[in-house]
Amino acid sequence: MRLSTLLRRAGYSAAIGASVAVVTGAAVMAVELLAARRARQEHSAHGPHMRMWLGDSDATPLKLVMFGDSLAAGVGVEDASDSVGGVLAELLAGVRHRVALSSVAVPGADTGDLHTQVARSLLSEPPDVAVILLNGLTETMHPSESVAQLAGAVRKLSHAGTSVVVGTCPDLSSLRALAQPLRAIAGWRGSRLARAQAPAVRLAGGVPVDLAARCGVVFRTDRGMLCPDGLHPSAEGYRTLAHALYPAVYDAASRART
């Protein structure tokens, strides 16, 4: 058999092998992502009841509302005081605010669900401060569409007189429930999404907070930041996220209606 024929056949075999590897790898990652999403949904059925007042009765009233998915809903902790919203309300109450904390967040939600959450929040008096948190793990939209949906929600709240703070997509490479290479891929996708979210939020009138930059190292290195499910933050993890958000939330509360 001629050498050129052998090389051609070898090339065909290599191409077929590479294609099979790519397809197999994609299938494995798809299965792992589906499993992660199902696990997230199973553990995301409920968050703590999040409707409370904190602070002195004669302090400046402030309506704080949480928007987003399980991060905003506090899935993984039993007490609302251990959620991001609860910690933020406690901190704001300490600087002479009478905080009314509530949530329209839905575990498992993505940016496409923000429209409904915003509509619900505006059925009564608009929030003084809105905090939007979305993990991004179960996001199915193209990044550009996801960012557009987020910007639309921020814009609508801002037009209603609400000061909006958005925690951009956190560091998904810290989620131990995801096997490699899915964890690394999720981290890359999350980082890409966060970079697009920040300028869009600013243009829409909100204030973005880079959660991956501020908290990513801690979540990657400290196992205590996550619940045993490896997906949701623990009480300490939520407190870490809340403290990263607090400077922006404090400024938003200072600008809010009195």
Side-chain angles (χ1 to χ4, degrees), residues 40 43-109 113-114 117-118 120-121 124-135 153 157 162-170 174 206-209 211 214-215 218-219 222 224-229 231-256:
R40 186 176 178 82
H43 288 86
S44 298
H46 303 287
H49 177 71
M50 203 176 301
R51 187 173 292 276
M52 64 177 74
W53 284 89
L54 289 88
D56 296 335
S57 58
D58 60 345
T60 304
L62 183 80
K63 186 177 180 181
L64 171 64
V65 180
M66 304 298 296
F67 297 76
D69 62 5
S70 59
L71 276 182
V75 172
V77 295
E78 298 294 329
D79 196 318
S81 64
D82 290 324
S83 68
V84 170
V87 175
L88 288 173
E90 178 186 3
L91 292 170
L92 290 169
V95 289
R96 299 295 297 169
H97 284 288
R98 172 70 168 164
V99 184
L101 171 66
S102 61
S103 172
V104 292
V106 178
D113 299 307
L114 287 177
Q117 294 181 21
V118 170
R120 284 178 57 197
S121 75
S124 58
E125 185 180 353
D128 295 307
V129 178
V131 176
I132 301 177
L133 296 173
L134 287 161
N135 186 291
L157 286 166
T162 299
S163 296
V164 186
V165 175
V166 177
T168 59
C169 188
S174 67
V207 177
V209 176
L211 293 179
R214 298 193 182 193
C215 307
V218 178
F219 272 79
D222 186 346
M225 292 292 107
L226 295 177
C227 290
D229 68 7
L231 286 172
H232 300 99
S234 63
E236 189 59 32
Y238 279 125
R239 183 166 291 275
T240 299
L241 293 172
H243 278 275
L245 291 161
Y246 180 64
V249 173
Y250 174 84
D251 288 343
S254 300
R255 298 191 303 272

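Predicted, not measured: the structure shown is a model, and the values here were computed from it.
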key: Val164 vs Ile132 side-chain heavy atoms within contact, under 4.5 Å   = yes
message = For a quick test of reading the model, state the closest non-hydrogen atom pair linking Ser174 to Leu226 and the distance between them.
response = O-CD1, 3.4 Å
ask   = Any side-chain heavy atom of Asp69 sitting closer than 4.5 Å to one from Asp113?
value = no
ask   = Quick one: does Ser234's side chain have a donor or acceptor within less than 3.5 Å of a partner on Met225's backbone?
value = yes
inquiry  = Do Phe67 and Val118 make a side-chain contact, defined as non-hydrogen atoms from C-beta onward lying under 4.5 Å apart?
reply    = yes
key: Straight-line distance of Asn135 CG to Leu231 CG, nearest 0.5 Å   = 8.0 Å
ask   = Do the side chain of Arg214 and the main chain of Ala244 share a donor and acceptor less than 3.5 angstrom apart?
value = yes
inquiry  = For a quick test of reading the model, state the closest non-hydrogen atom pair linking Ala89 to Leu54 and the distance between them.
reply    = CB-CD1, 4.0 Å
task = State, with a plain yes or no, whether a side-chain heavy atom of Val129 is found less than 4.5 Å away from one of Val249.
result = yes
key: Check: Thr162 side chain, Pro127 main-chain N or O, donor-acceptor pair, under 3.5 Å   = yes
key: Any donor-acceptor N/O pair, Arg51 side chain to Ser102 backbone, under 3.5 Å   = no
key: Least distance between heavy atoms, Leu157 atom then Ala130 atom   = CD1-CB, 3.9 Å
note = In terms of heavy-atom contacts, Leu241 and Pro233 come closest through CD1-CG, 4.1 Å
query = Should we count OH of Tyr250 as having more than 12 external heavy atoms under 6.0 Å?
reply = no
ask   = Which atom names give the shortest non-hydrogen contact between Ser83 and Met50, and what distance separates them?
value = OG-CE, 3.5 Å
inquiry  = Taking the side chain as everything from C-beta on, heavy atoms only, tell me whether Val166 gets closer than 4.5 Å to Val209.
reply    = no
message = Less than 4.5 Å apart, side chain to side chain, heavy atoms only: is that true for Leu101 and Met66?
response = yes
task = Can you see which heavy atom on Val65 is nearest to which on Ser103, and at what distance?
result = CG1-CA, 4.4 Å
ask   = Under a 4.0 Å N-O cut-off, is there an ion pair linking Arg96 with Asp56?
value = yes
inquiry  = To the closest 0.5 Å, what do you measure between NZ (Lys63) and CH2 (Trp53)?
reply    = 9.0 Å
From CA spacing to verdict: side chain to side chain contact (heavy atoms under 4.5 Å, CB included), Val84, Leu133 = CA-CA 10 Å; Val84 170; Leu133 296 173; 3.9 Å; yes
key: Rounded distance (nearest 0.5 Å) linking atom CG of Leu64 with atom CG of Asp128   = 9.0 Å
query = So do Glu78 and Pro48 actually touch side chain to side chain, heavy atoms under 4.5 Å?
reply = no
query = How many angstroms lie between atom CG of Leu91 and atom OH of Tyr246, to the nearest 0.5 angstrom?
reply = 5.5 Å
inquiry  = For Ser81, is there any backbone N or O sitting under 3.5 Å from a side-chain donor or acceptor partner on Glu90?
reply    = no
remark   = When rounded to the nearest 0.5 Å, the distance separating CG of Leu114 from CG of Leu134 is 5.0 Å
ask   = Rounded to the nearest 0.5 Å, what separation is found between the NE2 atom of His232 and the SG atom of Cys227?
value = 7.5 Å
